[in-house]
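Sharing a structure here in C-alpha cells format.
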Amino acid sequence: MGALSAAAAILAAVRAIPRGAVASYGEVARRAGLPRHARMVARTLASADDLELPWHRVVRSDGRIAFAPDSDGWKEQCARLRAEGVKVIAGRVRMPARGEPATLDAALWGPVD
DNA sequence: CATATGACGTGGG
DNA sequence: CCCCACGCCATAT
C-alpha cells in the first residue's frame with residue numbers, strides 16, 4: 001500500500017463524480033479515504049494521463065476554477081463544464097453543500113436560483 | 001536536511 | 001470584493 005494505491009483511490013473518486021456535477025479537491029480527497037490531501041488530488045490530476053478522466057468536475061471548495069483566470073486550462077474547464085450542462089458564471093460554479101450527494105439533478109436544476 | 005512551491009482549505013479583517 | 005495568515009502535504013531544489 002503506498003502512493004500508488006492512493007493515486008488510484010483519488011482517480012476512482014474523480015471518475016465517480018456524475019456527469020453534470022462537480023466536487024471540490026478536498027471532497028474528492030475525503031471520498032478517496034485521504035482527508036486533508038486536497039493538494040495531492042491536484043497533483044494527481046496534473047500528472048494523470050487518462051484522457052477519459054473527468055478532471056474538469058473538480059473545482060475549489062468555494063466553487064472557483066483552480067486554474068489562473070483566463071489561462072488555457074481555465075477556459076478549457078469552463079467549456080467542458082458548460083458542455084455538460086453546468087452553469088459557470090465568472091469562472092465559478094454552484095457547489096453542493098458539504099456532505100451532500102452531488103447529483104445530476106442538483107447540478108442541472110440546482111436548489112432554487 | 002532546510003526551503004520553496006502548488007489545479008488546496010479555513011478563518012478573519 | 002479584496003487581502004492575509006496559517007494549516008496541510010507531496011515534490012522539487
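Every chain is numbered from 1, with letters handed out A, B, ... down the list of sequences.
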Review point. Just how far, in rounded Å, is P of B:dC8 from CE of A:Met95?
Key: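 Taking CE of A:Met95 and P of B:dC8, I get 13 Å after rounding.
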
Review point. How is A:Trp74 classified with respect to the nucleic acid when contacts are heavy atoms under 4.0 Å: base, sugar-phosphate, or nothing?
Key: nothing

Review point. Between A:Arg92 (CZ) and C:dC2 (P), how many Å, whole number?
Key: 10 Å

**Study point:** Trace of the side chain to side chain contact (heavy atoms under 4.5 Å, CB included) decision for A:Asp50 with A:Leu11
**Key:** CA-CA 9 Å; A:Asp50 183 352; A:Leu11 293 178; over 6 Å; no

Point to revise | d(CZ, A:Arg30; P, B:dG9) in whole Å | key: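 Whole-Å distance recorded here is 9 Å.
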
Exercise for review: Would you indicate which nucleotide in C:dC1, B:dA7, C:dC9 comes nearest to any side-chain atom of A:Arg39?
Suggested key: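 Ranking C:dC1, B:dA7, C:dC9 by closest atom to the A:Arg39 side chain puts C:dC9 first.
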
Exercise for review: For A:Arg43 and for A:Arg64, find the nucleotide of DNA chain C with the closest heavy atom, then tell me which residue's nucleotide is more 5'.
Suggested key: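 Nearer the 5' end of the strand: A:Arg64.
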
Practice item. Using modelled atom types only, decide if a donor and an acceptor are shared between the side chain of A:Arg94 and the backbone of A:Lys87 within a distance under 3.5 Å. Key: no

Check your understanding: Does the side chain of A:Met95 come within less than 4.5 Å of A:Val93's, by heavy atoms?
Key ->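 SC-SC contact between A:Val93 and A:Met95 confirmed.
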
Point to revise | A:Arg60 side-chain proximity, nearest of B:dA7, B:dG9, C:dA12 | key: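 For A:Arg60, the side-chain atoms sit closest to B:dG9.
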
Exercise for review: Provide, to the nearest angstrom, the distance between the CD atom belonging to A:Glu27 and the C1' atom belonging to B:dC8.
Suggested key: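 It is 14 Å, rounded to the nearest whole Å.
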
Practice item. State which of C:dA10, C:dC8, B:dT10 makes the closest approach to the side chain of A:His37. Key: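 When the side chain of A:His37 is considered, C:dA10 is the closest of C:dA10, C:dC8, B:dT10.
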
Exercise for review: Please determine if A:Glu84 and A:Arg80 form a salt bridge, counting it only when a charged side-chain N lies under 4.0 Å from a carboxylate O.
Suggested key: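 Salt bridge: no.
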
Practice item. Send over the distance from A:Tyr25 OH to B:dT10 C1', rounded to a whole Å. Key: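 It is 17 Å, rounded to the nearest whole Å.
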
Check your understanding: Is it true that A:Asp62 and A:Arg60 make a salt bridge, defined as a side-chain N closer than 4.0 Å to a carboxylate O?
Key ->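 So A:Asp62 does not pair with A:Arg60 through a salt bridge.
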
Point to revise | Distance between P atoms of C:dC6 and B:dA7 (Å, rounded) | key: 22 Å

Point to revise | A:Ala68 or A:Arg98, whichever maps to the more 5' nucleotide of DNA chain B | key: A:Ala68

Review point. Rounded to the nearest Å, what distance is computed from the CZ atom of residue A:Arg36 to the P atom of nucleotide C:dC9?
Key: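 Spelled out: CZ on A:Arg36 to P on C:dC9 is 6 Å.
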
Point to revise | Euclidean distance, atom CE of residue A:Met40 to atom C1' of B:dC8 [Å, nearest integer] | key: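 For the pair A:Met40 CE and B:dC8 C1', the rounded distance is 14 Å.
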
Exercise for review: Nearest whole angstrom, please: distance from the C1' of C:dA10 to the CG of A:Leu45.
Suggested key: 14 Å

Review point. A:Ser24 has a side chain; which of B:dG9, C:dC9, B:dT10 sits nearest to it?
Key: B:dG9

